[in-house]
Structures are given as C-alpha cells and as structure tokens.
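A quick write-up on the structure given underneath.
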2 protein chains.
Amino acid sequence: MNITALGYALLGLVRARPRTGYALRKVFETTPMGAFSSSPGSIYPALKKLVNAGLIEKRSKATGGSALHYLTPRGGDMMMAWLRAPVTIDEVASSIDLVLLRFAFLEDAGDDAITRQFLSSFEDAVAHHTRDLEAYLTGPEGQSLSRHGRLAVENGIRGFKAHIQWAAFAKREFCL
Amino acid sequence: MNITALGYALLGLVRARPRTGYALRKVFETTPMGAFSSSPGSIYPALKKLVNAGLIEKRSKATGGSALHYLTPRGGDMMMAWLRAPVTIDEVASSIDLVLLRFAFLEDAGDDAITRQFLSSFEDAVAHHTRDLEAYLTGPEGQSLSRHGRLAVENGIRGFKAHIQWAAFAKREFCL
DNA sequence: CCAACCATGTAAGCTGTTACATGATTGA
DNA sequence: TCAATCATGTAACAGCTTACATGGTTGG
C-alpha cells in the first residue's frame, strides 16, 4: 500500500503516543502540523485506511472512554524504514515539508548517529538541488527570464540555503 | 469556476506568450515551474478546462503547424485580479509556492508600484506568520515538543525569515 | 440550560498521478 | 531506418476538500 503525507503524519503521532481520532485531529488544528491536513473529512478516512492495512490498531480502553489508536509492529517497521531512508534530491525538490516531518519524528528512531546521518544526506540533497537552481539561473534559460521570474527563482535559492544553514545548526545540537 | 495552482501557471504562461500544449508541457519539464505539475495527464485536462471556461482560446495558425493557446480578455481580467490581490497570512502558511508564482507573473501587470505593494503585503503576511510560529515555539505547546520537533519548527521559522530578507532585497531591485 | 467542545463519521465532486495509447516529423 | 522528439490525448484510481450529519458531555 501507498502511504500519503497525512498517513505518515498519523503514524508518527500514534507512535509517539496512542491517541483517539479526535486527539489526532486536534494536533492538525492547533499546531504547525496543520499543513498536512484540514478537517475530519481527510483524517478519519486516512486513519481507517491505516487500520485496514494493519499499521495501526484501534483498541478500546477497559476503563471506558474513547478508543485509542496504537502503532502495530508492522506499522513500527514501516515507520523505521521510512525514517531511516536517506534524503533524496527529488524529495527535497518536490516535498521538503515531508522531509522535515520525517526529521521531526526521528526522535527515538535510534541514537544520535542516525540523526546525524539524516542531516548529512539532507545537507547533500539540498546543496545539490540548490546548485541545480543556480545553474538554471545563470544558464541560457535563466538569462531569458523576466526580472520577476529571476527574483522568484532567487527566492527559492535563498530558501534552500536557509535549509543548509539550519542543517549545520541542527548538527551542532547533536554535538558533531 | 475554481482555478488550481496548475491552472494559474498555465494562464500565466500563455499570457506571457501564446504556446502549444506541448510547449507548455515542456516548461514544466525543464524549469523550476515543474513543481506545479508532472505529466500530460494533468496538463492537457487542465488546459481544456480553462478553454471550456473561456479563459484561454485555442486557435490554429493560418500557416499550419500546431494550434496556439491565447489568453482571452476574460482570462486577462481573472489574471489581473489574482495578481493584484494582497498576500494573506493563510496563503503564506499553506501555499507559499503559489504566492511566489504570482510574483513571477507580476511582470507587465502594471508599474513597479504594484510590485512594491505586493512585496509589502508579502512581507507583512510572512512576518505575521513567523511571529505565530515563534509564539508557538516559546509557548506551552512548543516547550513540550521533542528536540527534533522543536528543530523542525525552527527550520520553518528560518525559511520564513529568508523570505522576509528576500522581500527586502527584491524591493531594492525596484528602487525603493 | 445552552454553548462549547468531545467524538466520529459519510457523500459529492474535483484534481492529480500513473500508465497507456497513438501518430507525425526529423535528424543521424 | 530508427530513435528521438513533437504533439495530444484517455482511463483507472486514489486522495483531498467541502459540506453535511449525528449524538454525548461538561462548564458557566
């Protein structure tokens, strides 16, 4: 099965702590993770799909109250594989938000060495893509852009450079 | 009718210069605008929808060759309204790429005063959203984040700050 | 008692993705 | 002649958005 960005967000949240569907919804409503969803119309179906796929289990508490969602062993394996995969250039170019979500969930996916590996491959991928953008801008295609077009690309380059600087900053946090 | 990000990209491209469907496809394949589309399966249907809506007209050349797509007066009006709308916080938070696309197409939408207005409202919206993120991070919610989660939000903040700096840089380009 | 929040969904519609399909033209 | 590129689509499928629908609980 194919897991969407919202799917990974849900898996990561229940992995951190079992929650009710409503609690999950609240996270998207009240935190910057809201970028990955809007309303119940997307969350509940996505959650059900993960349950059907055997990655999440919905279990009622003996003490009553609403049922909580737990990550299954299979779900845990899937998360681990996702979290530990090296960052690719394509990911960085087309869905960097998802890459950052991956980083946010990297806590407890191993020791700090895993985090440093992630940050290194992130740095590489972003640097590579930044060079591509700069090459485009200084190349023949870029020279024929309008002033506004050129500035828009320039904006992208600056954004990716900020990512690179962040990666260096984050690495220092993990004492390297 | 509702225009999608891809729709606006197509409108902006034919506005700059009439093109064949294939030429439009090539733009997405070979430039950073590729972020707004993938393959013919999305472009041709989107183009047809704009034609049906009367925003684009497909006209065959008398000299033969492939038919070109032109922006209609109605399409021009729609673009102008889109281009000149002030930048909102929601746009910045959820689809900043689309905002930058808007900027890229702002050439020929008026004089430099329009561009400066755009940049000012962009700066305001981004600054506001950045403050929201910082407030989240220093607030009770943010304090309970994991180290990774905190760093991920920090990454977002740095990205938006880069946008603000870019806006100042762009303003200087338009002599203000 | 009434508003706000807890809690969970369904249904219609639209869009995009992936994969397939076709045929003309052109340069090596 | 054969591969690449021009040129334009269709069809199945999955996913998200918007809007609607329902009922329980709790604090002021």
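Quick caveat, the model's predicted, so the values are computed rather than measured. As a basis for the values below, the full set of heavy atoms in this structure was taken, side chains included, without hydrogen atoms, waters or symmetry mates. Chain A is the first sequence line, chain B the second, and so forth, proteins listed ahead of strands; every chain is numbered from 1.
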Problem - Phosphate contact (D/dT17 OP1 or OP2) by A/Ser42 side-chain N/O below 4.0 Å - result: yes

Handout entry: salt bridge (charged side-chain N to carboxylate O under 4.0 Å, His left out) involving A/Glu107 - partner list, sequence neighbours excluded
Key = none

Exercise for the section: Can you sort out the partners of A/Lys161 under salt bridge (charged side-chain N to carboxylate O under 4.0 Å, His left out), two or more places apart, ordered by chain and number? Expected result: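 Here the qualifying residues are A/Glu134.
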
Interatomic distance, [X] [atom1] vs [N] [atom2] [rounded to whole Å]:
X	N	atom1	atom2	value
B/Arg25	D/dC6	CZ	P	9 Å
B/Leu47	D/dT8	CG	P	9 Å
B/Tyr22	D/dA4	OH	P	13 Å
A/Tyr44	D/dT17	OH	C1'	17 Å

Practice task
May I ask you to decide whether B/Arg150 forms a salt bridge with B/Glu154, counting only side-chain N to carboxylate O separations under 4.0 Å?
Solution key: no

Handout entry: ring pair (Phe, Tyr, Trp, His ring centres under 6.0 Å) contacts in which one or both residues fall within residues 77-101 of chain B, not counting sequence neighbours
Key = B/Tyr8-B/Trp82

With sequence neighbours excluded, give me every salt bridge (Lys or Arg N to Asp or Glu O under 4.0 Å) pair touching [range].
range	answer
residues 9-22 of chain B	none
residues 24-52 of chain A	A/Arg25-A/Glu29, A/Lys26-A/Glu29
residues 83-97 of chain A	A/Glu91-A/Arg102

Exercise for the section: Taking the six-membered ring for Trp and the single ring otherwise, decide whether the centroids of B/His148 and A/Phe103 are under 6.0 Å apart. Expected result: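 Yes, ring centres under 6.0 Å apart.
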
Fill in the blank from the handout: Note: with side-chain heavy atoms under 4.5 Å as the link, the other cluster members for B/Leu68 come out as B/Tyr70

Practice task
List, by chain and number, the other hydrophobic cluster members for A/Tyr22, where Ile, Leu, Val, Met, Phe, Trp and Tyr join if side-chain heavy atoms come within less than 4.5 Å, directly or indirectly.
Solution key: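 Its cluster mates, by chain and number, are A/Tyr44.
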
Problem - Terminal helix-axis angle for the helix from C/dC1-D/dG28 to C/dA28-D/dT1, with five pairs defining each axis and rounding to 10 degrees - result: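 Comparing the first five pairs with the last five, the axes sit 30° apart.
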
Practice task
Would you mind classifying the nucleic acid contact of A/Ser39 as base, sugar-phosphate or nothing, using non-hydrogen atoms under 4.0 angstrom?
Solution key: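 Base, at least one base atom sits under 4.0 Å.
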
Problem - Touch class at under 4.0 angstrom, heavy-atom based, for B/Gly41 against every strand present - result: base

Would you list the atom pairs, donor with acceptor, under 3.5 Å between side chains in residues 35-43 of chain A and any protein atom, with sequence neighbours excluded?
| residue | atom | partner | partner atom | Å |
| --- | --- | --- | --- | --- |
| A/Ser37 | OG | A/Ser42 | OG | 3.0 |
| A/Ser42 | OG | A/Ser39 | O | 2.9 |

Completion exercise
5'-most contact on DNA chain D (nearest-nucleotide basis), A/Gly7 vs A/Pro40, goes to A/Gly7

Practice task
Please list, in 5' to 3' order, the outermost nucleotides of DNA chain C lying under 4.0 Å from any heavy atom of chain B.
Solution key: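 Reading along DNA chain C, I get C/dT15 to C/dA19.
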
Under-3.5 Å N/O pairs linking protein and nucleotides 13-15 of chain D:
| residue | atom | partner | partner atom | Å |
| --- | --- | --- | --- | --- |
| D/dG15 | OP1 | A/Lys49 | NZ | 2.5 |
| D/dG15 | OP2 | A/Lys49 | NZ | 3.2 |

